[in-house]
Novice: 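Below are the structure tokens for one structure; questions will follow.
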Amino acid sequence: MAATLHLLYFAWLRERIGTGEEHVAMPAGVDTVAGLLAWLRGRGAGYEAAFGTAAPVRCAINQEFATHDAAVAAGDEVAFFPPVTGG
Amino acid sequence: MAATLHLLYFAWLRERIGTGEEHVAMPAGVDTVAGLLAWLRGRGAGYEAAFGTAAPVRCAINQEFATHDAAVAAGDEVAFFPPVTGG
Amino acid sequence: MATIRVQAAPLDVGADIAALIADRHDIGGVGSFIGTVRNTAHGRRITAMTLEHYPGMTERAMAAIAAQAEQRWRLLGCTLVHRVGPMLPGETIVLVLAASAHRQDALEATAFLIDWLKTRAPFWKKESFADGGEAWVDAREADDLAAARWGALPAP
Amino acid sequence: MATIRVQAAPLDVGADIAALIADRHDIGGVGSFIGTVRNTAHGRRITAMTLEHYPGMTERAMAAIAAQAEQRWRLLGCTLVHRVGPMLPGETIVLVLAASAHRQDALEATAFLIDWLKTRAPFWKKESFADGGEAWVDAREADDLAAARWGALPAP
């Protein structure tokens, strides 16, 4: 269980991927958000539609906002979403 | 009736004078707020206590703020009060 | 367009907000300031506050202030309610509401409205103290400075 | 000290204001911003708005924003309530309250709280239109600029 990532998707990313949440085995060679995004794009059409566009994608690691060069490690909760629009 | 002034006093001015409102015959020679104040000071101890101090006194003529050099004419409603403190 | 009220009865803030936004679906935000009676001044405990005003001129001054706000910002509604007479610590003295499609307009207009209401409407506060004394509240220079940053009130 | 709430139920603004000032007689003023659902966007009529959020992170982000406000201004209380799920035009999406002994602190903190809440808490709006379409709302550069004037959020 420790060698997994808890992935969350929100708003139109969730809709394109078709799920809001999944647990995946820690992908080999991935150690940053950018690396994780590259790996996710290869997982199918929904992921490509979500991550393969010019639209900005934001990230949070363990519920704190993170940049695309932030480190990702097994056990992390990593969320992807569009820029926030609350309030 | 046209040759009178309607005078109003508020807050500590009202308390020192002992009334909040009076009608007076237009005093001879008075044509500004400053002239009216000088005339009022001579009307007794309460008026002297209200107008004879260094405390700032504000004025409104016909319900609009006015300066001490503003003109006063028979028929006007003239109010005297301390700086406002509402809100 | 503005709602202007001077009243002796306690304020119902929720009701005034609801009235402002009822059936106005173009409003994006409402800025608000609620002034309440504090329980101390200059280290003395306050047991009551009494608000005196100048009936007639008060409503005119409040309407002029609201009209200024409506000229300066893109407002969709504006409410000024001021209580008069005796009131207790914790009670609401004044309510300012400014509604707009845009929150910056609503919030700036709210600040303007309370700054001018405090310095350009004929209300006077008297505090009653726990030690038995009472005193008229002095005007604060800070309030004059806050009001002055919005410029002068144009001649009527 | 702050009150933070995320809820599907409609907001009762009057109740939250009353709760904030109840038994707090040292409060001189409460600044407030109430965000409401507008009925049009880009010329299309809106029939409903749906708010999605990130449970867990939302509350953390809101608490961090409130803590920042309490560090920057002399606040005596602070309330952030955000609605989630489906809602209708005219309904309240968000309520911000900031109480202080001094109105400038209350009003500045209110502006700060709503600017940061709009740009640093994980909520997403989806609009449903009268013509049958629906669309996620794009982030506005104006909101980022408004938030940026308060400086950067310090690292946790």
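The chains referred to below are lettered A, B, ... by the order of the sequence lines, with proteins before strands, and numbering in each begins at 1.
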Novice: Indicate whether any N or O donor in one side chain lies under 3.5 Å from an N or O acceptor in the other, for Glu22(A) and Tyr9(A).
Specialist: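 Their side chains do contain a donor-acceptor pair, which is all the 3.5 Å distance test asks for.
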Novice: Going by ring pair (Phe, Tyr, Trp, His ring centres under 6.0 Å), name the residues that satisfy it together with Phe10(A), two or more places apart in sequence or in a different chain.
Specialist: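 With sequence neighbours excluded, Phe10(A) shows a ring pair (Phe, Tyr, Trp, His ring centres under 6.0 Å) to Tyr54(D), Trp124(D), given in chain and number order.
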Novice: Name the orientation class of the two ring planes belonging to Phe123(D) and His82(D) (parallel below 30°, tilted from 30 to 60°, perpendicular beyond 60°).
Specialist: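 Parallel, since the angle between the ring planes stays under 30°.
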Novice: For Tyr47(A) and Phe51(A), take the angle between the two ring planes, folded into 0 to 90°, and tell me which bin it lands in: parallel under 30, tilted 30 to 60, perpendicular over 60.
Specialist: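 Taking Phe51(A) first and then Tyr47(A), their aromatic rings lie parallel (interplane angle under 30°).
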Novice: Look only at the side chain of Asp143(D) and the backbone of Lys118(D), and say whether a donor-acceptor pair between them is shorter than 3.5 Å.
Specialist: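 Side chain of Asp143(D) to backbone of Lys118(D), a donor-acceptor pair under 3.5 Å: no, none is there.
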Novice: Taking NZ, NE, NH1 and NH2 as the nitrogens, is one of them in Asp105(D) or Arg103(D) under 4.0 Å from a carboxylate oxygen of the other?
Specialist: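 Result for this pair is no, no salt bridge flagged.
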Novice: What part of Arg14(A) gets within 4.5 angstrom of chain D, counting heavy atoms only: side chain, backbone, both, or neither?
Specialist: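 Just its side chain gets close to chain D.
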Novice: With chain A, which of Leu117(D), Val137(D), Thr58(D) has the greatest number of heavy-atom pairs at distances under 4.5 Å?
Specialist: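 Top option by heavy-atom pairs under 4.5 Å: Val137(D).
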Novice: Looking at Glu64(A) and Arg60(D), does any basic side-chain N land under 4.0 Å from a carboxylate oxygen?
Specialist: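 Salt bridge present between Glu64(A) and Arg60(D).
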Novice: If I measure from the heavy atoms of chain A, does Asp115(D) come under 4.5 Å with its side chain, its backbone, both, or neither?
Specialist: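 Neither part.
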Novice: Among the options Pro82(A), Ala11(A), Ala60(A), pick out the one with the most heavy-atom pairs lying under 4.5 Å from chain D.
Specialist: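 Answer, by heavy-atom pair count under 4.5 Å with chain D: Ala11(A).
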Novice: Could Arg72(D) and Glu108(D) be called an ion pair, given the rule that one side-chain N must be under 4.0 Å from one carboxylate O?
Specialist: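 Salt bridge: no.
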Novice: Under 4.5 Å, counting heavy-atom pairs only, tell me which of Leu8(A), Thr85(A), Asn62(A) racks up the most with chain D.
Specialist: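 Most pairs with chain D among the choices: Thr85(A).
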Novice: Where along residues 125-134 of chain D does a heavy atom come under 4.5 Å of chain A, listed by residue number?
Specialist: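 Hits under 4.5 Å: Lys125(D), Lys126(D).
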